[in-house]
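It should be emphasised that the depicted structure is a prediction, and the values quoted were computed from it without experimental measurement. Order of listing sets the numbers, starting from 1, for every ligand and every atom in it.
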Amino acid sequence: MTDPKVLASGIAEAAAIDAADPLARFAERFVPNDGVIAYLDGNSLGRPLRVTAERLGAFVADDWGGRLIRAWDEQWMGLPFVLGDRIAAATLGAAPGQTVVADSTTVLLYKLMRAAVDARPGRHEIVLDDDNFPTDRYVAEGIARERGLRIRWLHVDPARGVEPAQAQEAVGPDTALVVLSHVAYRSGFLADADRITRIAHDAGALVLWDLCHSVGSVPIELDDWDVDLAVGCTYKYLNGGPGAPAFGYVARRLQGELEQPVQGWMGARDVFAMGDGFEPGDGMRRFVSGTPPVVGMLAMQDMLALIEEAGMPAIRAKSIALTEFALRQVQERLVPLGVVVATPLAPAERGSHVTVRHPAFRAVTARLWEEGVIPDFRAPDGLRIGLSPLSTTFAELQRGLDAIEAALTDARGDAPGAPQSAGPAGAAGAARASS
Ligand SMILES: Cc1ncc(COP(=O)(O)O)c(C=O)c1O
């Protein structure tokens, strides 16, 4: 166990890094939480901003309470598109008219994957990796069953992700669609979206990127990379709150060609005509199905304002500094305790979280949560340290790393009088909604 004097000097050094951090001022804008010593799970559920409380109150009093149903015409009908364009400009490198906020990530994945495979008739394969997020795999499997297609699985190193050479080998004249995560949810591996998109296009396939773990933490250039389709969460680095709706991107050149399967009234050319038969709307309108989840679209607007103020290059620079800081200490302090690093060491190859593995991490995570230190656990033995550049401070990260070392030392039984096992998994082992 590290000497308390050494721990104190570590915190002082981290505080000095915070003092020189050009983005440090943003951390104060989040709702304070005295019970939490270190929040290392912003890659799963981002923290709320103080100003969001005011926004929600004003929404109830003024927009909903005051304007009542008139607010649909005045602002809510347009919100999915306005907000989509704002996300696109601030984080996706995408021109207006290609992004919409709607549904959940899972539902949008279904709608866009189905539209994509139907747009490539005569091709029978969907390519995706076996370590992609479960929902991506399950949705693809369901669509393959529905449409009589096959999945070509890429087998990846779970400490990394899909490399361009692997994609090159897998795609061919029978590939309809390639579905990959830009940042792998487990390892944090940052895929080369630009190169892999070109590889898929050379084979005549379409590509869909899942941006859940990259949007708001890693610069993205969908238009420059010539990406066809993308889907992402808004409750991680966009801090939209639990269950906030997803966003979907469809390149303008494809919009007229694609037909998504959930054709609801809100996707129709004339929403209030209420006529016979479905005629799809223009542009992104046709990818909407039902009533926009307006309440869920409120909080993310406050985080987008912060991202616009800070800028993605500065956010990425801080993200790299945080992950470097974490990895250096993991190497020095946790690897000697038997921990294995399961995240790429090169900054250019990772997003904003670091994953480390140890058989005791399920129990360790349960203890850490009780102590107000909140990373998350991914079966079978991974502890994820999520670093949200605008809300995480270096001092907070240092406190978290100190606590992880102490809990792991106890769980291993290295400390005098420590139990040999830290007991059953508690909150961290239980199912939770955001990943
Ligand atoms: C990579 C990835 N895709 C999809 C999802 C989830 O989708 P949904 O918002 O529908 O639960 C997550 C959730 O954490 C995720 O990490």
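- Every residue was checked against the salt bridge (charged side-chain N to carboxylate O under 4.0 Å, His left out) condition with R145, not counting sequence neighbours, and none meets it.
- Of the candidates V139, V231, D210, D210 brings a heavy atom nearest to atom 1 (C) of ligand 1.
- Proximity of a side-chain donor or acceptor of N132 to a complementary backbone N or O of R137 within less than 3.5 Å is not detected.
- Of the N or O atoms in Y185, none lie within a sub-3.5 Å distance of an N or O in ligand 1.
- Applying the 4.0 Å criterion to heavy atoms of Y235 picks out, from ligand 1, the atoms 6 (C), 7 (O), 8 (P), 9 (O), 11 (O), 13 (C), 14 (O).
- In this structure, T323 contributes its side chain and S352 its backbone to no donor-acceptor pair below 3.5 Å.
- Numbered from 1 in the order shown, with element, the atoms of ligand 1 that lie under 4.0 Å from a heavy atom of T135 read 4 (C).
- The aromatic rings of H213 and Y185 lie tilted to each other, with the angle between the two planes from 30° to 60°.
- Using cut-offs of 30° and 60° for the angle between ring planes, the W64 and F59 rings count as tilted.
- In terms of N/O distances under 3.5 Å, ligand 1 is approached by H213.
- Neither the backbone nor the side chain of N132 comes within contact range of ligand 1; no heavy atom lies under 4.0 Å.
- Ion pairing between R29 and E309 holds under the 4.0 Å rule for side-chain N and carboxylate O.
- The backbone and the side chain of T105 each have at least one atom closer than 4.0 Å to an atom of ligand 1 (non-hydrogen atoms only).
- For ligand 1, the atoms closer than 4.0 angstrom to any heavy atom of D136 are 3 (N), 4 (C).
- For ligand 1 and S104, the ligand atoms under 4.0 Å from any heavy atom of the residue are 10 (O).
- Looking at R160 and E349, a side-chain N of the basic residue comes within less than 4.0 Å of a carboxylate O on the acidic one, giving a salt bridge.
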